[in-house]
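Heads up: the structure comes next, in structure tokens.
In what follows, chains carry the letters A, B, and so on, assigned in the order in which the sequence lines appear, proteins first and then strands, with residues in each chain numbered from 1.
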Amino acid sequence: MPFDIQTVVSIASYGGAGICMGLGAVGAALGVGYTGGLANKALSQKPEASGTIVKNMLIGQAIAESAAIFALVIAVLLIYLSPPATNLLTASALGAAGLCMGFGAIGSGVGSGFPAGEVCLAIVRQPAISGRLTTNMLIGSAVCQTPAIFAMVVALMLMFLNVNNLSVNPTWAALLGAGLSTGLAAIGSGLGGGLAGGASVSGIARQPETFGKVTTIMLVGQAVSQTPAIFGLLVSFILMFKAFPETTSIAAPMALLGAGISMGFGGIGPGIGNGFTAQSAVKWVARNVEASGILTRVMLVGQAVSQSTAIYAMVVSLVLIFVV
Amino acid sequence: MAIEGAELVKAAAFIGAGLAMGLGAIGPGVGEGFVGGKACEAIGKKPEEAGLLTRTMLVAQAVSESTGIYSLVVALLLLFVV
């Protein structure tokens with residue numbers, strides 16, 4: 001059987017579709033399951049509030065599920081798109097799109113489950129303010145989805161990138177690196193944002209009068225947790241849109257792939273760490289609202305230090321792209 | 001296309017630098033965030049000790065940072081020295 005370009009592109013797009021949906025289902029399934037578990041716990045404590053609890057469980061699960069739906073969309077596109085293949089870069093771009101969306105959906109799926117689960121328990125504690133709790137949960141979960149949306153944006157760009165005039169040798173690795181960078185970095189940010197969102201919902205249920213301050217610090221904490229995903233997105237854009245001269249060497253593509261790996265893995269830890277810091281800060285602003293000023297400051301300092309390794313990873317990526 | 005030995009070594013060094021910094025950044029990131037979270041918890045309980053707790057948090061984070069710096073050093077060695 002002869003291996004023409006079309007065959008290689010088909011292998012990449014079908015393989016990418018499988019990886020995309022397989023990995024993409026992991027996070028959402030965990031998040032939705034966590035929500036369902038906490039909803040059952042809540043129902044056992046207050047069966048008479050079942051209507052509100054189940055309604056909130058379903059809303060929260062729908063948001064957590066959206067990460068998997070993004071992965072499904074990309075996987076279906078990869079299967080049915082079958083673009084006209086003119087060179088091998090198409091194969092690399094389609095495989096990278098699958099990897100990017102698959103990894104990118106994990107963090108957001110798990111993360112969105114935390115606020116969605118906490119809202120069920122929160123309604124048991126404060127049934128009178130269930131509307132407010134739902135609003136807070138929706139804000140928190142929506143911010144958790146942004147890393148998955150970044151991953152979808154990069155996946156779509158990779159799929160529809162015009163690769164005809166690009167040099168094949170280093171660019172195949174640049175496209176793979178672009179997919180890995182955003183996809184992997186999104187894992188940490190999605191999880192971290194979810195930790196802050198969950199703490200916010202349960203904090204408001206404890207002290208409803210702190211609603212404004214708790215929501216504010218949750219959003220600040222989540223925004224800082226998102227930065228590793230934004231670094232990943234930046235490195236992906238550079239890798240996708242910088243023109244690399246044609247070369248026969250193996251070192252040049254490996255440097256670009258290494259740039260994606262460095263930023264991708266490097267974003268995971270700081271994203272989760274920032275989420276831990278934000279979680280505790282949000283929790284304690286709700287319990288001790290007089291200390292909210294000092295807590296916000298210490299949270300930001302702690303997150304900034306935790307961010308430093310993501311910055312090192314970005315520096316190494318940029319050195320790999322621009323210097324060596 | 002013939003691949004020469006020196007090329008292959010360079011390629012491995014680049015991938016190794018990416019892996020060293022990427023994987024090496026996971027642990028310090030999570031660990032420092034955990035320290036930051038615990039510091040916020042402690043300040044929530046005792047806001048009057050905020051100065052001491054912030055200093056302790058920064059010292060602990062600096063120690064936790066060291067493995068991240070080792071990764072950075074190894075990555076830069078792989079990029080520029082090897």
Side-chain angles (χ1 to χ4, degrees), chain A residues 177 184 188 192 228 248-285 287-288 290-291 294-295 297-299 301-303 305-310 312-313 315-317 319-320 323-324, chain B residues 1-4 6-48 50-51 53-54 57-58 60-62 64-65 67-69 71-76 78-80:
Chain A
L184 289 170
T248 55
S249 100
I250 183 88
M254 287 306 137
L256 300 174
L257 190 58
I261 290 174
S262 168
M263 188 60 245
F265 281 114
I268 296 178
I272 300 176
N274 285 340
F276 277 142
T277 309
Q279 181 188 27
S280 289
V282 168
K283 182 175 163 191
W284 283 92
V285 165
R287 295 186 186 198
N288 187 357
E290 294 86 52
I294 179 79
L295 278 170
R297 282 200 296 281
V298 173
M299 176 189 82
V301 172
Q303 287 185 320
V305 179
S306 162
Q307 199 71 260
S308 58
T309 47
Y312 298 164
V315 168
V316 168
S317 290
V319 167
L320 278 165
V323 181
V324 296
Chain B
M1 177 172 99
I3 299 170
E4 292 180 12
E7 275 287 311
L8 209 55
V9 170
K10 259 207 145 14
F14 290 156
I15 281 283
L19 280 173
M21 191 61 244
L23 296 176
I26 296 179
V30 176
E32 286 164 24
F34 192 74
V35 174
K38 287 290 171 197
C40 287
E41 185 181 330
I43 289 171
K45 288 182 186 165
K46 263 192 178 318
E48 62 278 10
L53 289 167
T54 311
M57 175 190 83
L58 286 174
Q61 286 184 320
S64 166
E65 182 76 33
T67 50
I69 295 176
S71 307
L72 181 67
V73 169
V74 167
L76 293 177
L78 283 168
L79 288 180
F80 294 113

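Residue B:L53 does not touch chain A at all, counting heavy-atom pairs closer than 4.5 Å. Looking at B:L79, both its backbone and its side chain come within 4.5 Å of chain A, counting heavy atoms on both sides. The parts of A:M299 that come within reach of chain B are both its backbone and its side chain, each placing non-hydrogen atoms under 4.5 angstrom from that chain. Of the atoms belonging to A:A313, heavy atoms from both backbone and side chain fall under 4.5 Å from chain B.
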request  = Determine, step by step, whether A:V324 and B:F80 satisfy the side chain to side chain contact (heavy atoms under 4.5 Å, CB included) criterion, reporting the C-alpha distance in whole Å, the side-chain angles of both residues, the deciding distance to 0.1 Å, and the verdict.
outcome  = CA-CA 8 Å; A:V324 296; B:F80 294 113; 4.1 Å; yes
Candidate pair B:K38 and A:F276, rule side chain to side chain contact (heavy atoms under 4.5 Å, CB included), full reasoning: CA-CA 9 Å; B:K38 287 290 171 197; A:F276 277 142; over 6 Å; no
- Task: Would you sort out whether B:E32 and A:T277 count as a side chain to side chain contact (heavy atoms under 4.5 Å, CB included), showing the intermediate values?
- Result: CA-CA 9 Å; B:E32 286 164 24; A:T277 309; over 6 Å; no
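Counting heavy-atom pairs closer than 4.5 Å to chain A, the top-ranked of the candidates B:G27, B:G22, B:A50, B:A17 is B:G22. When the candidates A:G302, A:A251, A:A291 are compared by the number of heavy-atom contacts under 4.5 Å with chain B, A:A251 comes out ahead. Between chain B and the residues A:P270, A:A259, A:G192, the largest count of heavy-atom pairs under 4.5 Å involves A:P270. With chain B as the partner, the residue from A:V305, A:V323, A:V285, A:V298 showing the most heavy-atom pairs under 4.5 Å is A:V305. Of all the listed residues (A:G267, A:S308, A:S306), the one sharing the greatest number of non-hydrogen pairs under 4.5 Å with chain B is A:S306.
The nearest pair of heavy atoms linking A:L295 to B:C40 is CD2-O, 3.1 Å. Taking both residues in full, the closest heavy atoms of B:F14 and A:A255 are given as CD1-CB, 3.5 Å, listed atom of the first, atom of the second, then distance. The minimum heavy-atom distance linking B:M21 with A:Y312 is given by the pair CE-CB, 3.5 Å.
Looking at B:E41, its side chain never comes within 3.5 Å of a backbone N or O of A:W284 through a donor-acceptor pair.
Side-chain contact annotation: B:E65 with A:T309, donor-acceptor N/O pair under 3.5 Å absent. For the residue pair B:E7 / A:S249, a side-chain donor-acceptor distance below 3.5 Å is found, with atom types taken as modelled.
Annotation: the span from A:I294 atom CD1 to B:I43 atom CD1 amounts to 5.5 Å, rounded to 0.5 Å.
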